[in-house]
Amino acid sequence: MASVKQFQVTFDCAEPERVARFWCEVLGYDVPPPPEGFATWDDFDRALPPERQGSAFACIDPSGVGSRLFFQRVPEGKVVKNRLHLDVRVGIGLVGEERLAALEAECARLVPLGAVRVRLLLADGVNESCLVMQDIEGNEFCLD
């Protein structure tokens, strides 16, 4: 059996393009080129049946290393804690005040984009400090 080499992370959301563009800003990702035969994603979207317009969007790592993120519209809203979340690794190799400063600096960059600060979890001897946040639709993620 072959091992998996790549995977995509899929987000259920109400506004796929809005959430995708938020994550592009967070991660430095890009919107992929539109399908062949379409000059823009808007052109592609207008070619879809009305019920499918605006139903999906994606973003990709420009280096090709990171996983593709896919965003799909679902009818129900988020009601409970995520069972899966992304850790945005901004403090790798940092500890103590230096790590906290890196987490706070990234938080300060993301809040104007629509992210919400939830709580700071301080180092406890086992885990380093991290900052729990929410994206523009309330999905939790951590600055780690």
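As the structure is a computational prediction, the values presented were derived from the model and not from experiment.
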* Check whether any side-chain N or O of Y29 sits under 3.5 Å from a backbone N or O of A20 as a donor-acceptor pair, and report yes or no. => no
* How many angstroms lie between CD in Q134 and CD in E140, if you round to the nearest 0.5 Å? -> 5.5 Å
* **Whether S67 side chain and V9 backbone form a donor-acceptor pair below 3.5 Å** => no
* Please confirm whether the backbone N or O of V126 pairs with a side-chain atom of D124, one donor and one acceptor, at under 3.5 Å? => yes
* Asked: Does the distance from a Lys or Arg side-chain N to an Asp or Glu carboxylate O, for D144 and R99, drop under 4.0 Å?
  -> yes
* Where is the tightest heavy-atom contact between C130 and L120, given as atom of each residue plus distance? -> O-CD1, 3.4 Å
* To do: Please check if F11 and F7 belong to a single hydrophobic cluster, counting links between Ile, Leu, Val, Met, Phe, Trp and Tyr side chain heavy atoms closer than 4.5 Å.
  => yes
* To do: State yes or no: do L27 and L103 share one hydrophobic cluster built from I, L, V, M, F, W and Y residues joined by side-chain heavy-atom distances below 4.5 Å, directly or via other members?
  => yes
* What is the minimum heavy-atom distance between L94 and A102, and which atoms define it? -> CD1-CB, 3.6 Å
* Structure fact -> In terms of heavy-atom contacts, P33 and W41 come closest through O-CZ2, 3.4 Å
* **salt bridge (charged side-chain N to carboxylate O under 4.0 Å, His left out) assessment of E17 paired with R21** => CA-CA 6 Å; E17 183 174 351; R21 291 190 183 280; 2.8 Å; yes
* Structure fact -> The reported gap from CD in E76 to CG in D12 (rounded to nearest 0.5 angstrom) is 6.5 Å
* Other residues, nucleotides, ligands: >12 heavy atoms within 6.0 Å of E97 CD -> no
* Asked: Counting distance only, does the side-chain N/O of R46 pair as donor-acceptor with the main-chain N or O of Q53 below 3.5 Å?
  -> no
* Asked: Can you get from L143 to L113 by hopping between Ile, Leu, Val, Met, Phe, Trp and Tyr side chains that sit under 4.5 Å apart?
  -> yes
* Can you tell me if D42 and T40 form a side-chain donor-acceptor pair at under 3.5 Å? -> no
* Relative to each other, are the rings of W23 and F141 parallel, tilted or perpendicular (30° and 60° limits)? -> perpendicular
* Interatomic distance, C142 atom SG to M133 atom CE [nearest 0.5 angstrom] -> 10.5 Å
* Does D30 reach the main-chain N or O of P32 with its side chain, forming a donor-acceptor pair under 3.5 Å? -> no
* **Ring-ring centroid check F57 F71, cutoff 6.0 Å** => no
* Under the 3.5 angstrom rule, does the side chain of E137 hit a backbone N or O of A14 as a donor-acceptor pair? -> yes
* To do: Tell me, with the steps shown, if E104 and R117 meet salt bridge (charged side-chain N to carboxylate O under 4.0 Å, His left out).
  => CA-CA 10 Å; E104 294 294 348; R117 179 191 180 112; 2.6 Å; yes
* Is there a chain of hydrophobic side chains (I, L, V, M, F, W, Y, each step under 4.5 Å between heavy atoms) that links L100 to V88? -> yes
* Structure fact -> C24 and C59 have their tightest heavy-atom pair at SG-CB, 3.0 Å
* **E128 to G96 - nearest heavy-atom pair and separation** => OE1-N, 4.3 Å
* **Donor-acceptor under 3.5 Å (S129 side chain, A123 main chain)** => yes
* With side-chain contact (heavy atoms from CB on, under 4.5 Å) as the test, would you mind laying out the steps for L110 and V26 before giving the verdict? => CA-CA 7 Å; L110 299 181; V26 171; 3.7 Å; yes
* To do: Consider only side-chain heavy atoms of I, L, V, M, F, W and Y, link residues closer than 4.5 Å, and tell whether V95 and L122 are in one cluster.
  => no
* Okay, side chain of Q72, backbone of T10: is any donor-acceptor separation there less than 3.5 Å? -> no
* Got V132 and L121 here, is their nearest side-chain heavy-atom distance under 4.5 Å? -> yes
